[in-house]
Amino acid sequence: MKRDGAGCPVCVQGTSEHFSRVDGRDYYACAACGSLHIDPDVIAMLDAGGSLVGDYTEEYWEQERVGAIERARGMSLCRAGEAILYSRRPVARFLDVGAGPGFLLRELQQLIDPDAAIFHGIEKYPPPYAAQGPNFHVGDIHGMEGPFDAGVCIEVVEHLTPAMLDGLIHGLAAVSAPGSLWLFNTGMPEYVRNEDPGYLDPVHRGHIISYSLAGIRGHFARHGFEVRAM
């Protein structure tokens, strides 16, 4: 049942009004930070260990397979190049956070790092068809050893509750070299509202939150990061 005036789980300070209903799940828009989020009760359920799509099972990954290949050879490759270009320090070690099947890692190694000295990837729930090769790590970022100079996190944070996001940022802070740069790619509220309302997808893709810059800045600032728009 939809409810207006709910507290925003992203910025905490704002209140949210009903935005849309997708596959039986209500989404809300925060009047303060602008983030779009699923029902706070669902967020609480996820934080307690529940799931909307399972632990990213074989069915989920199979539907993502073609898109993952296309991104690794196109958009994701461009994002990695941008992260290296904009970095203010030499990039000796680079990490793909939430690497999925590891296709981007494989492309980067084949193109510019045949000795696998620079590029790493970390994925908690890799699919059965994940790329086999060096520096593809299975697990959580908290198990990684740093430091890393730069990296990307592509189409990941929209799956995460604010508490999960804080955990990810905490892990990044632990493996980040001073002045490191991390490029995040995700569907932000302006994109969802104006270009792709279907981006909010709780059951099939597990997209539960569209984070705004205003909503996300505080989460990163607590761990020593500065957030800028691209």
Side-chain angles (χ1 to χ4, degrees), residues 53-87 90-141 143-160 164-165 168-169 171-172 175-176 180-188 191-192 195-196 198-201 204-211 229-230:
V53 297
D55 287 339
Y56 296 94
T57 58
E58 186 171 348
E59 180 182 357
Y60 167 84
W61 280 118
E62 195 56 43
Q63 72 179 0
E64 290 286 310
R65 186 170 191 163
V66 173
I69 294 172
E70 292 175 349
R71 288 192 297 270
R73 295 174 178 172
M75 180 273 288
S76 295
L77 199 58
C78 292
R79 295 292 88 81
E82 287 175 322
I84 294 170
L85 177 65
Y86 295 141
S87 178
V91 179
R93 298 184 81 221
F94 183 102
L95 180 63
D96 180 9
V97 181
F103 293 160
L104 174 59
L105 174 64
R106 183 174 62 188
E107 289 289 325
L108 289 165
Q109 289 175 342
Q110 289 177 348
L111 286 169
I112 55 177
D113 185 27
D115 295 328
I118 301 171
F119 295 100
H120 294 251
I122 178 74
E123 172 57 46
K124 191 171 185 178
Y125 301 113
Y129 56 80
Q132 301 299 312
N135 298 343
F136 182 75
H137 308 278
V138 177
D140 192 273
I141 191 170
M144 293 293 294
E145 292 185 6
F148 289 95
D149 305 295
V152 291
C153 185
I154 298 174
E155 297 297 309
V156 173
V157 299
E158 62 274 8
H159 298 264
L160 306 181
M164 294 172 187
L165 177 63
L168 171 64
I169 301 169
L172 279 184
V175 299
S176 293
S180 60
L181 182 143
W182 299 93
L183 190 154
F184 284 72
N185 192 97
T186 185
M188 300 181 70
Y191 170 77
V192 175
E195 299 185 47
D196 186 10
Y199 190 82
L200 300 177
D201 182 353
H204 303 287
R205 290 186 292 173
H207 292 183
I208 60 170
I209 298 182
S210 173
Y211 287 97
M230 288 184 59

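In this chain, numbering begins with 1 at the start of the sequence shown. Quantities reported herein were computed from a predicted structural model and do not represent experimental measurements.
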**Q.** Intermediate values then yes/no, side chain to side chain contact (heavy atoms under 4.5 Å, CB included), D196 and Y191
**A.** CA-CA 6 Å; D196 186 10; Y191 170 77; 3.3 Å; yes

Q | Min side-chain heavy-atom separation V157-F184 under 4.5 Å | A | yes

Q: Could you tell me whether the side chain of H137 and the main chain of K124 form a donor-acceptor pair under 3.5 Å?
A: no

Q: Look at the side chain of E123 and the backbone N and O of P101, then say whether any donor-acceptor pair between them is shorter than 3.5 Å.
A: no

Q) Between the side chain of D113 and the main-chain N/O of L108, is any donor-acceptor distance below 3.5 Å? A) no

**Q.** Distance in Å, H207 NE2 paired with L200 CG, rounded so as to fall on 0.5 Å steps
**A.** 9.5 Å

Q: Specify the closest pair of heavy atoms between I154 and M75, including all atoms of both residues, with the distance to one decimal.
A: CG2-CE, 4.0 Å

Q. Checking Y199 side chain against G187 main chain: does a donor-acceptor pair fall under 3.5 Å?
A. yes

Q.
For R93, is there any backbone N or O sitting under 3.5 Å from a side-chain donor or acceptor partner on D149?
A. yes

Q.
Minimum heavy-atom separation for C153 and L168, please, with both atom names.
A. SG-CD2, 4.2 Å

Q) Nearest 0.5 Å, what's the CG-CD1 distance between L165 and I209? A) 8.0 Å

**Q.** Spacing of S210 atom OG and M188 atom CE [to the nearest 0.5 Å]
**A.** 7.0 Å

**Q.** Test item: L77 and L111 side chains (from C-beta on) under 4.5 Å apart, heavy atoms
**A.** yes

Q.
Is the shortest side-chain heavy-atom distance between I112 and I118 below 4.5 Å?
A. no

Q: May I ask you to check whether over 12 heavy atoms, not counting those of E145, lie within 6.0 Å of atom CD?
A: no

Q) Of all residues at least two apart in sequence or in a different chain, which pass the ring-ring contact (aromatic ring centres under 6.0 Å, His included) check with Y86? A) none

Q. Considering residues at least two apart in sequence or located in another chain, which fulfil the salt bridge (Lys or Arg N to Asp or Glu O under 4.0 Å) criterion with E107?
A. R73

Q) At what distance, to the nearest 0.5 angstrom, does CD of E82 lie from CG of L183? A) 6.0 Å

Q: Check for a donor-acceptor pair, side chain of D140 on one end and backbone N or O of G143 on the other, with a separation under 3.5 Å.
A: no

Q) About how many Å separate CZ of F148 and CH2 of W182, when rounded to the nearest 0.5 Å? A) 6.5 Å

Q.
Using modelled atom types and a 3.5 Å cut-off, is there a donor and acceptor pairing between side-chain atoms of D115 and backbone atoms of A117?
A. no

Q) Nearest heavy-atom pair of V91 and A150: which atoms, and what distance? A) CG2-CB, 4.0 Å

Q.
How close do H159 and I208 get, counting heavy atoms only, and between which atoms?
A. O-CD1, 3.7 Å

Q | Pairwise distance OG(S176) to CG(L181) - rounded to 0.5 angstrom | A | 10.0 Å

Q) Can you check whether R71 reaches L104 side chain to side chain, under 4.5 Å on heavy atoms? A) no

Q. What's the verdict on side chain to side chain contact (heavy atoms under 4.5 Å, CB included) for I84 and F94, showing C-alpha distance, side-chain angles and the deciding distance?
A. CA-CA 9 Å; I84 294 170; F94 183 102; 3.9 Å; yes

Q) ring-ring contact (aromatic ring centres under 6.0 Å, His included) between H120 and F136: does it pass, once the steps are laid out? A) CA-CA 6 Å; H120 294 251; F136 182 75; over 10 Å; no

Q: Determine the minimum heavy-atom distance between V97 and V156, stating which atoms define it.
A: O-CG2, 3.7 Å

Q | Under 3.5 Å donor-acceptor, N135 side chain and F119 backbone | A | yes

Q.
Quick check: closest heavy atoms across E158 and N185, and the distance to 0.1 Å?
A. OE1-O, 4.4 Å

